[in-house]
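Only one structure is covered here, and it is reproduced in the block below.
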Amino acid sequence: MVRGIRALAEGSILENVRRTPCSCRPILVDPPIAAINRRAAGKLIQQVRRRAKRIVLELETGDGFVIEPRMTGLMLVSDPPDVGHLRVEWLLQKGKLRRSLWFWDRRGLGTVRFLSRDHLAELLNGSTLGADALEMTAAQWLAALGRTRRAIKVALLDQALVAGIGNLYASEILHLAKISPQTQAASLSAIRVERLHAATQHVLSEAIRHEGSTLGDGTYRNALNQSGSYQNAHQVYDRAGEACPRCRTTILRIVQSQRSTFYCPRCQR
DNA sequence: ATTAATGTTCAGAA
DNA sequence: TTTCTGAACATTAA
């Protein structure tokens with residue numbers, strides 16, 4: 001998402017932000033739009049970046065937007081999947097060009113926040129989120145996982161321990177690392193944590209390279225409303241009953257923390 | 001027609 | 001203190 005909107009957003013002037021007139025319930029925007037516009041309208045968008053699963057639009061003032069797409073949110077520069085679930089529009093101006101950036105969200109669990117410079121710094125460097133999964137060292141992994149007694153799959157989804165892994169990728173990472181999702185996180189040997197570290201780097205960077213996973217319902221789209229292709233590389237996610245690509249054993253689905261986990265009971269120990 | 005599932009996060013309870 | 005549960009929402013499949 002960040003890659004897709006960066007060229008448009010960075011260096012643009014934000015004319016204003018508005019909720020789009022759609023029939024669905026309003027998503028959380030905080031503070032209210034009018035208050036945001038008083039502080040943000042007319043300002044330059046200096047930088048677009050990612051922090052774990054959040055998108056940050058930072059203004060020249062140091063204040064900035066933090067967007068959480070959650071389950072079904074998308075940042076778009078054009079052609080929404082359907083206009084009925086468009087939620088927020090940023091009107092941008094770059095030279096003579098006037099274009100819009102959109103937040104589309106089918107379920108509406110996503111959020112848009114506008115934070116002061118200080119609160120933004122707290123989000124980016126504070127302790128609510130752990131270190132970013134793609135920037136952590138193996139030693140940081142070992143320390144983070146040693147702090148919990150939960151199963152490794154559950155721990156991987158705790159954004160305060162490791163930030164940036166979602167449900168789908170947790171299953172894929174554990175399969176690649178050959179680790180059972182039910183293993184106690186803190187009981188993993190340093191060697192196995194190193195494997196987990198490497199598997200995370202691999203799965204997440206490949207998923208990003210392939211523009212994400214567009215699953216059966218087709219919700220996930222890049223900023224140009226195009227499907228991703230990483231779903232074609234999935235080994236276990238949503239494949240219960242099928243053969244493990246590595247050892248042909250039947251893939252299982254279990255529920256942990258009210259979320260589905262898919263794994264191979266033979267090659268994941 | 002219900003019920004459960006879906007890529008997430010958080011408040012409040014245990 | 002840490003971990004678990006249910007709710008927020010819209011849509012589809014069973």
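To find a chain, count down the sequence lines: A is the first, B the second, and so on, and within it residues start at 1.
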Measure from [atom1] on [X] to [atom2] on [N] and round the result to the nearest Å.
| X | N | atom1 | atom2 | answer |
| --- | --- | --- | --- | --- |
| A:I27 | C:dA8 | CD1 | C1' | 13 Å |
| A:M71 | C:dA10 | CE | C1' | 11 Å |
| A:I254 | B:dA5 | CD1 | P | 14 Å |
| A:D238 | C:dA13 | CG | C1' | 12 Å |
| A:Q256 | C:dC4 | CD | C1' | 14 Å |
| A:R239 | B:dT6 | CZ | P | 16 Å |
| A:D158 | C:dT5 | CG | C1' | 15 Å |
| A:L157 | B:dT8 | CG | P | 7 Å |

Go through the side-chain N and O atoms of [X] and [Y] and say whether any donor and acceptor fall under 3.5 Å apart.
| X | Y | result |
| --- | --- | --- |
| A:D118 | A:S116 | no |
| A:T20 | A:E89 | no |
| A:Y169 | A:S213 | yes |
| A:Q268 | A:S180 | no |
| A:R259 | A:S257 | no |

Query raised in the report: Below 4.0 angstrom, N of the basic side chain to O of the carboxylate: do A:D82 and A:R106 qualify?
Result: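 No, A:D82 and A:R106 are not salt-bridged.
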**Report entry** N-O pairing of A:K43 and A:E60 below 4.0 Å
**Finding:**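 Salt bridge: no.
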Categorize [X] for me: base, sugar-phosphate, or nothing, with a 4.0 angstrom heavy-atom threshold over every strand shown.
| X | answer |
| --- | --- |
| A:G108 | nothing |
| A:T111 | nothing |
| A:E68 | sugar-phosphate |
| A:L168 | sugar-phosphate |
| A:R253 | sugar-phosphate |

Can you tell me if [X] touches the phosphate of [N], counting only side-chain N or O atoms and a distance under 4.0 Å to OP1 or OP2?
| X | N | answer |
| --- | --- | --- |
| A:R259 | B:dA4 | no |
| A:R107 | B:dT6 | no |
| A:R70 | B:dT9 | no |

Query raised in the report: Taking atom P in both C:dG6 and B:dA4, what distance in whole Å separates the two?
Result: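 Each nucleotide's P atom is 12 Å from the other's.
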Query raised in the report: Between B:dT9 and C:dT1, how far is it from one P atom to the other, in whole Å?
Result: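 Looking at atom P only, B:dT9 and C:dT1 are 23 Å apart.
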**Report entry** Closest-nucleotide 5' rank along DNA chain C - winner of A:R25 and A:R149
**Finding:**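 The 5'-side residue here is A:R149.
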Query - First encountered from the 5' end of DNA chain C, between A:R147 and A:R106 - result: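 Its nucleotide being nearer the 5' end, the pick is A:R147.
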Query raised in the report: CZ/A:F114 to CG/A:L57 distance, rounded to the nearest 0.5 angstrom?
Result: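 One finds 10.0 Å between CZ of A:F114 and CG of A:L57.
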Query raised in the report: Distance from A:L142 atom CG to A:Q140 atom CD, nearest 0.5 Å?
Result: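 CD of A:Q140 is found 11.0 Å from CG of A:L142.
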Requested in this report: Please tell me which of the listed nucleotides, B:dT9, B:dT6, C:dT3, lies nearest to the side chain of A:R150?
Outcome: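 Shortest atom-to-atom distance from the side chain points to C:dT3.
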**Report entry** Out of B:dT9, C:dC9, C:dT5, whichever nucleotide has its closest atom nearest the side chain of A:K53
**Finding:**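 Selected nucleotide: B:dT9.
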Query raised in the report: Are A:W90 and A:F103 near enough that their ring centres are under 6.0 Å apart?
Result: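 They do not qualify: ring centres at least 6.0 Å apart.
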Query raised in the report: Taking only Watson-Crick and G-U wobble pairs with both distances under 3.5 Å, what dot-bracket line describes DNA chain B, where [ ] shows pairs that cross earlier ones and | shows pairs with another strand?
Result: .|||||.|||||||
Query raised in the report: Near DNA chain C, which residues from residues 74-89 of chain A have a heavy atom under 4.0 Å away?
Result: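 The answer is A:H85.
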Query raised in the report: Is a side-chain N or O of A:R50 found less than 3.5 angstrom from the main chain of A:R3, in a donor-acceptor match?
Result: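 Not a single qualifying donor-acceptor pair exists.
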